[in-house]
2 protein chains.
Amino acid sequence: MGQHDHHEHHGDSLADAAQANLEKSGEKWTDTRAAIFDTLAGFSRPASAYDIAELVSTARGKRVAPNSVYRILDLFVANNLAMRVESANAYLANSHPGCEHDCIFLVCDTCGEATHVDDDSLSQQVRKVATAEGFKSIRPVIEVRGICQKCN
Amino acid sequence: MGQHDHHEHHGDSLADAAQANLEKSGEKWTDTRAAIFDTLAGFSRPASAYDIAELVSTARGKRVAPNSVYRILDLFVANNLAMRVESANAYLANSHPGCEHDCIFLVCDTCGEATHVDDDSLSQQVRKVATAEGFKSIRPVIEVRGICQKCN
DNA sequence: CGTGTTAAGATACAACATATCATTTTTGAA
DNA sequence: TTCAAAAATGATATGTTGTATCTTAACACG
Ligand SMILES: [Zn+2]
Ligand SMILES: [Zn+2]
Ligand SMILES: [Zn+2]
Ligand SMILES: [Zn+2]
């Protein structure tokens with residue numbers, strides 16, 4: 001189903017890719033941003049801004065306010081370093097920054113884990129439906145809520 | 001794109017259809033539920049529980065608390081009388097209760113209006129992707145954020 | 001340096017959502 | 001009809017998510 005080439009990154013490799021991507025857009029990879037990215041990437045589930053604020057605060061020994069976290073998450077989303085899972089009011093690190101496409105998230109109602117799926121033909125169809133209705137600046141939100149295999 | 005027969009209801013006809021549907025499930029069509037449904041159906045855009053609480057309170061001259069509204073909206077969603085638009089934290093009356101299918105919502109970031117689209121083949125594909133990953137109790141969330149034709 | 005710009009912090013508050021317990025209304029059997 | 005159980009709604013408190021505004025700190029660069 002992955003109809004395009006891309007690289008799934010992990011750990012340091014992911015942070016490096018994220019940094020490279022952000023800097024390519026002329027943005028800076030500051031300590032705070034790095035800490036927030038690392039924390040986000042450390043979650044195996046979509047993390048709320050408050051989750052991240054708490055962990056980063058502890059990790060750095062000084063409080064990081066939620067609004068700062070939101071600011072940086074917004075920056076990450078705008079630059080494809082992270083995605084927002086709308087049905088969970090939470091965020092996920094993008095495991096393949098630099099690769100532009102519409103992700104599909106399968107979110108388990110029981111354990112909260114989110115599976116990331118790519119299906120370009122499907123997301124293209126969604127875009128086509130919206131285009132047909134005259135929509136511009138299209139951002140598909142394709143998610144599935146349900147019970148994952150492990151929880152069944 | 002609507003690959004199945006169904007009826008779009010409006011006004012009293014819609015409320016009647018909603019009532020019939022709810023009662024078919026053994027639930028009661030109380031005054032409060034009727035008022036909340038009417039208010040919800042009167043919105044041309046996804047309405048938040050608080051929006052509805054405020055309007056219903058005014059209309060009935062007595063306060064209806066948000067938690068009551070949430071309770072009833074949950075009931076409506078469970079019985080297909082309303083749908084939740086996840087990316088807007090808000091609700092829409094279902095213009096065709098009794099007709100089971102996965103709706104697609106196109107939501108304008110500028111004016112907030114939501115266009116309702118049905119595409120069974122598309123939503124079936126989304127379900128298929130989730131099924132292939134071992135998901136059960138699947139509830140697709142297919143929405144598109146963007147700028148609508150009028151706002152362009 | 002000094003000055004303008006960008007990033008981050010502090011604080012307050014708004015918006016969305018749920019938990020718990022009390023009260024009212026409905027129902028249906030005695 | 002009366003009364004007890006169940007269902008619906010109300011009151012209240014609190015938790016969670018998100019934004020607005022202003023201040024302070026870090027940085028870049030002439
Ligand atoms: Zn990809
Ligand atoms: Zn699970
Ligand atoms: Zn339909
Ligand atoms: Zn619009």
Side-chain angles (χ1 to χ4, degrees), chain A residues 19 22-23 25-37 39-40 43 45-79 81-92 107 109 112 145, chain B residues 19 22-23 25-37 39-40 43 45-79 81-92 107 109 112 145:
Chain A
Q19 172 173 4
L22 195 60
E23 290 176 339
S25 308
E27 299 286 352
K28 277 164 253 176
W29 188 253
T30 65
D31 288 352
T32 309
R33 290 173 185 181
I36 288 178
F37 187 85
T39 300
L40 176 61
F43 275 89
R45 304 200 287 229
S48 78
Y50 282 79
D51 292 339
I52 296 167
E54 193 178 313
L55 274 194
V56 171
S57 295
T58 302
R60 305 217 306 171
K62 75 172 176 180
R63 174 182 139 89
V64 178
N67 66 339
S68 295
V69 175
Y70 274 108
R71 238 180 335 226
I72 290 173
L73 286 175
D74 287 350
L75 179 78
F76 286 174
V77 170
N79 288 277
L81 271 63
M83 285 88 92
R84 179 173 163 86
V85 181
E86 292 292 347
S87 69
N89 296 327
Y91 299 80
L92 278 175
V107 184
D109 290 327
R145 304 299 310 219
Chain B
Q19 173 173 2
L22 196 60
E23 290 176 339
S25 309
E27 299 286 355
K28 278 163 256 178
W29 189 251
T30 65
D31 288 353
T32 309
R33 289 172 186 183
I36 288 177
F37 187 85
T39 299
L40 177 59
F43 274 89
R45 306 199 287 225
S48 79
Y50 280 78
D51 291 340
I52 294 167
E54 193 177 313
L55 272 193
V56 171
S57 295
T58 302
R60 306 217 305 170
K62 75 171 176 181
R63 174 182 140 90
V64 178
N67 66 337
S68 296
V69 176
Y70 274 109
R71 240 182 330 228
I72 291 174
L73 287 174
D74 286 351
L75 179 78
F76 287 174
V77 169
N79 288 278
L81 271 62
M83 286 88 93
R84 180 174 161 83
V85 181
E86 293 292 347
S87 70
N89 297 327
Y91 299 81
L92 277 175
V107 185
D109 290 328
R145 304 297 312 220

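Labels below follow one simple rule: chain letters A, B, ... track the order of the sequence lines, proteins then strands, and each chain is numbered from 1. In what follows, every heavy atom counts, from backbone to side chain, and hydrogens, waters and symmetry copies are set aside.
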S.K.: Looking only at heavy atoms, what is the nearest atom pair of A49(B) and V69(B), with distance?
M.R.: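 Of all heavy-atom pairs spanning A49(B) and V69(B), the closest is O-CG1, 3.6 Å.
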
S.K.: Could you report the tightest heavy-atom contact between R45(B) and L92(B), atom names first, then the distance?
M.R.: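 Closest heavy-atom pair between R45(B) and L92(B): C-CD2, 3.8 Å.
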
S.K.: Counting the atoms with a prime plus P, OP1 and OP2 as sugar-phosphate, which does R63(A) contact under 4.0 Å by heavy atoms, base, sugar-phosphate, or nothing?
M.R.: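 Base, at least one base atom sits under 4.0 Å.
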
S.K.: Answer with base, sugar-phosphate or nothing: what part of the nucleic acid does S48(B) contact at a heavy-atom distance below 4.0 Å?
M.R.: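 Sugar-phosphate, no base atom in range.
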
S.K.: Sub-3.5 Å donor-acceptor pair from the side chain of R145(B) to the main-chain atoms of S87(B), do we have one?
M.R.: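 Checked: pair present.
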
S.K.: Rounded to whole Å, please give me the gap between CD in E27(A) and C1' in dT5(C).
M.R.: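 Roughly 13 Å, once rounded to whole Å.
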
S.K.: Mind checking R71(A) for me? I need base, sugar-phosphate or nothing, with any heavy atom below 4.0 Å counting as a touch.
M.R.: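 Here R71(A) touches the bases of the nucleic acid.
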
S.K.: Quick one: is dA8(C) close enough that its OP1 or OP2 comes under 4.0 Å of any side-chain N or O from T32(A)?
M.R.: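 T32(A) to dA8(C) OP1/OP2: side-chain N or O found under 4.0 Å.
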
S.K.: Would you kindly compare N67(B) and D31(A) by the position of their nearest DNA chain C nucleotide and give the one closer to the 5′ end?
M.R.: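 That would be D31(A).
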
S.K.: Please give me the minimum heavy-atom distance between F76(B) and R33(B), naming the atom from each residue.
M.R.: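 So the two residues come closest at CZ-O, 3.4 Å.
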
S.K.: Expressed in angstrom and rounded to an integer, what is the separation of D74(B) atom CG from dT18(C) atom P?
M.R.: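 In whole Å, dT18(C) P and D74(B) CG are 7 Å from each other.
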
S.K.: Find out whether L75(B) and L22(B) are in side-chain contact, i.e. whether some heavy atom of one side chain is under 4.5 Å from a heavy atom of the other.
M.R.: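 Side chain of L75(B) against side chain of L22(B), heavy atoms only: contact under 4.5 Å found.
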
S.K.: Check every nucleotide of DNA chain D for an atom under 4.0 Å from a heavy-atom of chain B, then give the first and the last such nucleotide from 5' to 3'.
M.R.: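 Boundary nucleotides touching chain B, in 5' to 3' order, are dA7(D) to dT12(D).
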
S.K.: Kindly give the heavy-atom pair with the smallest separation between V64(A) and S68(A), and that separation in Å.
M.R.: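 V64(A) and S68(A) have their closest heavy atoms at CG1-CB, 4.2 Å.
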
S.K.: E86(A) has an atom CD; how far is it from atom C1' of dA17(C), in whole Å?
M.R.: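 Distance check: E86(A) CD to dA17(C) C1' gives 17 Å.
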
S.K.: Could you tell me how far apart L73(A) (CG) and dA7(C) (C1') are, to the nearest whole angstrom?
M.R.: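 That distance rounds to 15 Å.
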
S.K.: Is Y50(B) stacked on the base of dC16(C) when the test is centres under 5.5 angstrom and planes under 30 degrees?
M.R.: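 Yes; centroid distance and tilt both under limits.
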
S.K.: Would you kindly give the OH-to-P distance between Y91(B) and dC16(C), to the nearest whole Å?
M.R.: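 In whole Å, dC16(C) P lies 11 Å from Y91(B) OH.
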
S.K.: For L40(B) and Y91(B), which heavy atoms make the closest approach, and how far apart are they?
M.R.: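 Result for this residue pair: CD1-O, 3.4 Å.
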
S.K.: Check the distance between dC16(C)'s P and N89(A)'s CG and give it to me in whole angstrom.
M.R.: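 That distance rounds to 11 Å.
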
